[in-house]
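Structure first, commentary second.
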Amino acid sequence: MIYHEKEIQKANNIISELSKETQKSQYRLKYHFMAPTGWINDPNGLVFYKGEYHIFYQHDPYSPEWGPMHWGHAKSRDLVNWDHLPIALAPSEEYDYGTVNDHGCFSGSAIVNNDHLYLFYTGHSIEKDPVQVQCVATSQDGVNFKKYEGNPIINDFPKDGTKDFRDPKVWKYEEFFYMIVGSKKEGIGKALLYQSKDLYEWKYVGVVAESDGTQGDMWECPDLFSLDNKDVLIISPMYGTKNEKPFYTIGNMSYKTKQFTQGLVNTLDYGSDFYAPQTFVDDKNRRIMIAWMDMWFSHRPSQKEGWAGAMTFPRELKVIDNKLYQVPVDEIETLRENLKDFQSFQYENEYMIDPQLSVSSEIHIVYDIAQSTSNEFGLFVRSSEDGHERTKIIIDIMKQEVLVDRNLSGTGEKSVSRAPVSFVNGRLELRILLDTTSIELFINGGEQVITKRIFPNLNSNLCKLFASAGKMKIEDLKVWSIKKVID
Ligand code: FRU
């Protein structure tokens with residue numbers, strides 16, 4: 001334990017030393033959560049505890065590259081203003097520490113029981129056997145965490161898994177606690193289920209769900225929950241060493257047979273910078289999801305400026321007509337200012353929304369497709385005046401697709417992300433969240449989402465509509481700037 005406190009102190013010191021410089025980075029976002037400095041990946045331990053939201057995250061405070069994993073920590077009363085807290089977990093014990101880089105406190109989840117906050121995580125070190133084990137740490141004040149002396153609470157993988165055995169997500173159902181852990185065996189990604197009465201002693205139950213052979217050979221960060229009378233499983237899959245877009249399936253969880261039966265399967269977010277989402281429920285009974293707004297092997301220009309990685313804006317989930325919908329939590333409205341309300345109008349070719357739109361802004365557009373004649377239309381955002389740099393959102397009526405094209409979005413990767421779209425009642429609704437280095441596009445009330453990081457020049461802020469060969473009828477268009485709340 002002494003080691004844990006020492007390692008936490010060391011990490012906190014380096015954060016206060018490095019964060020001032022990091023904060024000057026041109027790439028820092030204005031309302032998306034980031035670490036004060038260093039590297040972040042998955043959100044961990046999302047929880048509402050004693051009236052406050054807590055976010056933990058995979059973090060290397062020492063470097064802008066992935067390294068020994070700590071759990072960074074922050075809390076909030078409203079999901080938009082975050083206070084950074086001391087590091088919650090640092091690698092320190094034989095089960096989560098190693099001498100080579102590849103070790104630490106890997107991803108996991110949180111649960112509140114008897115007023116205490118419990119963090120479940122995977123202890124990882126490639127120098128030991130088994131490499132990955134499940135551990136717990138607890139806190140009474142939501143700030144200082146003590147690793148359990150009896151760790152690891154699950155000290156080996158079961159017969160249905162292999163040494164890739166990580167990312168425990170814990171919840172309560174009736175009188176038992178359950179934990180699912182991501183794993184793999186013989187090329188099949190699996191979610192393994194455990195059961196406990198006291199959160200310390202866990203009994204292996206079996207494979208609760210697995211890949212049908214096409215859904216990844218390793219399942220990371222499984223999340224299983226019920227919402228709107230349906231059961232939802234979210235998986236971040238790997239194919240070989242490649243991570244792919246997380247998917248969800250709406251099916252049926254039987255606590256009698258301890259089996260989840262998959263139903264419809266869908267991509268959770270069609271963008272290239274969305275991974276390891278995690279959900280939790282708050283005091284308003286909302287199911288909220290936050291994901292890492294980045295991806296393994298993405299190009300990260302901000303690393304030159306001492307940091308990498310951010311979180312998506314928190315999204316509320318709903319099941320509608322057997323599909324999972326995602327919308328930014330309502331709290332975003334508290335950050336809106338300078339509304340420009342264009343209401344309804346028609347345009348041809350191009351229509352200027354703003355030559356100098358704020359780098360952080362929100363755009364709502366409702367297209368009346370039935371009364372329009374263009375088959376390819378959309379918007380340029382974060383565009384330079386000459387249009388040489390720009391991010392393009394394209395709606396292709398014939399292909400029934402929405403595209404986000406970042407081939408000209410500045411430094412960073414060049415790619416196009418596509419999502420299928422349907423035009424319900426001859427309408428299409430887009431909601432776009434722009435921040436210094438990100439775009440999140442919510443299509444038709446969040447039925448589809450595309451999340452991407454972009455790295456344009458800070459002065460590229462022109463925003464205009466375009467329509468090829470035809471007229472467009474806009475039913476409604478509103479634009480806000482979004483206040484800066486994060487450093
Ligand atoms: C997902 C993941 C997890 C693991 C963590 C390590 O992005 O690979 O499976 O616990 O990141 O940082």
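Quick note: residue numbers are just sequence positions, from 1. Order of appearance sets the numbers: ligands from 1, and atoms from 1 within every ligand. Since we're looking at a predicted model, the values are computed, not measured.
Taking the six-membered ring where the residue is Trp, Phe313 and His32 present perpendicular rings, their angle passing 60° and hence far from 30°.
Evaluation of the salt bridge (charged side-chain N to carboxylate O under 4.0 Å, His left out) test over residues 249-271, restricted to residues two or more places apart or in two chains, returns Asp269-Arg315. The list of salt bridge (charged side-chain N to carboxylate O under 4.0 Å, His left out) pairs with a residue in residues 106-131, not counting sequence neighbours, is empty.
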Going by atom type alone, with no hydrogens or angles, which donor-acceptor pairs under 3.5 Å involve a side-chain atom of residues 182-189 and a protein atom two or more places apart or on another chain?
unit_1: Ser183; atom_1: OG; unit_2: Thr162; atom_2: N; d: 3.3
unit_1: Ser183; atom_1: OG; unit_2: Asp164; atom_2: O; d: 2.7
unit_1: Lys185; atom_1: NZ; unit_2: Lys159; atom_2: O; d: 2.6

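For Lys318 and Tyr325, the positive end is not near the middle of the six-membered ring at less than 6.0 Å and at most 45° from its axis.
Among protein residues, Asn41, Asp42, Gln58, Trp66, Met69, Phe106, Ser107, Arg166, Asp167, Glu220, Tyr275, Trp296 come within 4.0 Å of ligand 1, judged on heavy atoms.
When the shell of 6.0 Å around NZ of Lys50 is examined, it contains more than 12 heavy atoms from other residues, nucleotides or ligands.
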